[in-house]
Structures are given as C-alpha cells and as structure tokens.
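FYI, the numbering just counts along the sequence from 1.
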Amino acid sequence: MSIDELFILLIRALPQKEDEDIWEMPNGNMTHYTMEELSDRIDEGEVQFERGEFVTHEQMMADLKEEFAWLK
C-alpha cells in the first residue's frame, strides 16, 4: 500500500456530514483516540483496500477537479 493510498483511506474515514455533531462539543473538549482505536481504524482501512473498496489518488483528484471546476 502506498502512502497516497493510505492517506486516501484515512481521509475517507473522517467524519461525514451526518457526523458533524461530534465537532460541536462544548469548549472543543473532544476526547483523543486511543492507540487501540487508531490501530482498529487503520486495520479497517487496510481490509477495505484489500477488498478493492477505495478510490485511487488519480480518480479522487479527477473527481475534485470536476466538482470544483468553477474555481479555475
């Protein structure tokens, strides 16, 4: 697995719109992930990668360029 592929997996694991309420915690008191939680998320990403459930860097960049074409 390349660093770009791992980066994409980790970015996709970030909270989505439906998870936005976790960012609205009072005083910004978000709890930190434990090493076990981080390891579990990485393991899950690796499994998804092995199953082919990922987007390549090139495809992600093409999608972003298409979505934000008005930024030129």
Q.
According to side-chain contact (heavy atoms from CB on, under 4.5 Å), who are the partners of Glu36, at least two apart in sequence or on a separate chain?
A.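 If we apply the side-chain contact (heavy atoms from CB on, under 4.5 Å) test to Glu36, skipping adjacent residues, the hits are Thr34, Asp40.
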Q) Val55: what forms a side-chain contact (heavy atoms from CB on, under 4.5 Å) with it, not counting sequence neighbours? A)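 side-chain contact (heavy atoms from CB on, under 4.5 Å) check on Val55 returns Arg12, Gln59, Met60.
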Q) Which heavy-atom pair separates Glu37 from His32 by the least distance, and what is that distance? A)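 Smallest interatomic distance, heavy atoms only, reads OE1-O, 4.1 Å.
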Q: Measure the spacing between CD of Glu44 and CD of Glu46 and express it to the nearest 0.5 Å.
A: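 Interatomic distance, Glu44 CD to Glu46 CD, rounded to 0.5 Å: 11.0 Å.
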